[in-house]
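Worksheet: the structure to be examined is printed underneath.
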There are 2 protein chains.
Amino acid sequence: MQNNQFKKGELYSFITGKASTAIARNLQKKFNSAGLKVTIEQWSVLYHLWKQDGMSQQELCKATFRDKPSITRLVDNLEKLQLVKRVPSGNDRRINLVYLTRQAQRLQEEAMNLAEATLNEALEGVPPDRIDVCKEVLQIVYDNLK
Amino acid sequence: MQNNQFKKGELYSFITGKASTAIARNLQKKFNSAGLKVTIEQWSVLYHLWKQDGMSQQELCKATFRDKPSITRLVDNLEKLQLVKRVPSGNDRRINLVYLTRQAQRLQEEAMNLAEATLNEALEGVPPDRIDVCKEVLQIVYDNLK
DNA sequence: TGCATATAGTTAGTTAAACAACTAACTAAA
DNA sequence: TTTAGTTAGTTGTTTAACTAACTATATGCA
């Protein structure tokens with residue numbers, strides 16, 4: 001145990017993740033301003049479908065670190081927005097494959113550009129090597145607790 | 001603009017803050033196992049009251065990075081749990097000062113120890129200087145977007 | 001074949017976040 | 001002192017997270 005790494009007064013911001021909250025909020029505002037009617041959570045699902053269309057809900061769970069009910073709801077809402085479509089798998093009738101609609105495909109570039117812009121704003125003035133350290137630490141944290 | 005710091009494929013985990021989610025989830029489980037009947041969000045309010053009792057709701061907003069309705073509801077629930085009490089300010093009748101009950105004071109040590117344990121687990125194997133870099137980067141991110 | 005077990009997804013219930021619209025109380029300037 | 005603007009807090013609505021309990025389908029093994 002590395003007991004003195006954190007003094008009690010410093011626990012808070014690490015645990016509550018205010019930085020990532022701020023990033024998410026900033027991106028949501030950009031979406032709203034641009035008239036993109038998606039939430040960050042919905043975006044996080046679309047993001048993975050843009051990388052690989054036709055994932056199952058289970059795969060989306062793993063990719064987005066969400067549980068099954070969350071994905072059910074998110075896909076419900078994305079279907080209502082006509083951005084994705086559930087298609088039953090031919091091989092295994094338990095499985096829903098989730099496919100992007102034309103409409104969602106058209107959103108990709110704009111949404112990704114806004115996400116990139118948010119990150120560039122967030123990381124303004126941070127040297128690349130420090131970003132790398134930060135990414136590594138956060139990855140270790142995630143792996144340690146998984 | 002530092003345009004090539006992030007490749008598009010790397011946006012995701014930074015924006016969605018999976019590390020802080022994992023930390024929060026881990027701490028919540030520790031609370032549950034220990035029979036502490038508080039949520040992480042409630043803990044985040046208690047945390048600041050343990051540092052300084054009798055803060056106003058507005059001050060709690062700033063400290064926890066939440067908006068006013070969120071604090072209203074968290075304090076509502078903490079009151080139901082008999083962990084805090086609203087006391088109208090003498091000087092300004094708009095203001096509620098939020099005070100810890102005896103019961104909440106008794107929770108402090110146990111809750112803080114669990115939070116510390118979570119962080120030690122999370123940061124196992126991460127050298128202290130890298131943690132410092134990480135904290136600095138996250139602080140800059142937060143300030144950049146504020 | 002048949003049954004236990006695992007997997008994919010849904011539904012229900014509680015808690016919380018974000019936003020907008022609101023009331024009440026205070027402050028400062030005409 | 002009246003009015004305009006600000007600040008503190010509450011309420012309503014939508015979206016989402018997490019847990020538990022559920023249905024339906026598939027798989028593995030006796």
query: Can you list every pair that meets ring pair (Phe, Tyr, Trp, His ring centres under 6.0 Å) and has a residue in residues 123-146 of chain B, with sequence neighbours left out?
result: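 Qualifying pairs: B/Phe65-B/Tyr142.
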message: Show every ring pair (Phe, Tyr, Trp, His ring centres under 6.0 Å) that has at least one partner inside residues 85-112 of chain B, sequence neighbours left out.
response: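 Not a single pair qualifies under ring pair (Phe, Tyr, Trp, His ring centres under 6.0 Å).
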field: By side-chain hydrogen bond (donor to acceptor under 3.5 Å, both in side chains) - contacts of B/Glu79 (at least two apart)
entry: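 Only B/Arg86 meet the side-chain hydrogen bond (donor to acceptor under 3.5 Å, both in side chains) criterion with B/Glu79.
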Under 3.5 Å side-chain donor-acceptor pair for A/Asp143 and A/Gln139: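 A donor-acceptor contact under 3.5 Å links the two side chains.
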message: Among residues 84-93 of chain B, which ones have heavy-atom contacts with DNA chain C below 4.0 Å?
response: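 Only B/Asp92, B/Arg93 qualify.
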- request: Can you tell me which residue pairs pass the salt bridge (Lys or Arg N to Asp or Glu O under 4.0 Å) test with a partner in residues 57-70 of chain A, sequence neighbours excluded?
  value: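 Listed once each, the pairs would be none.
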message: Show me the pairs that pass salt bridge (Lys or Arg N to Asp or Glu O under 4.0 Å) and involve residues 93-106 of chain B, at least two apart or across chains.
response: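 For residues 93-106 of chain B, and leaving out neighbouring residues, the salt bridge (Lys or Arg N to Asp or Glu O under 4.0 Å) pairs sorted by first residue read B/Asp92-B/Arg94.
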For [X], side-chain contact (heavy atoms from CB on, under 4.5 Å) partners two or more places apart:
X: A/Asn144; value: A/Ile140, B/Glu124
X: A/Arg25; value: A/Thr21
X: B/Leu100; value: B/Leu46, B/Leu49, B/Trp50, B/Asp53, B/Val84, B/Ala104, B/Gln105
X: A/Ser20; value: B/Ser20

query: For every nucleotide of nucleotides 14-21 of chain D, 5' to 3': is a protein heavy atom under 4.0 Å from its base (B), only from its sugar-phosphate (S), or from neither (-)?
result: -SSSBBB-
Could you pull out the protein-nucleic contacts involving nucleotides 1-6 of chain D (nitrogen or oxygen on both sides, under 3.5 Å)?
none

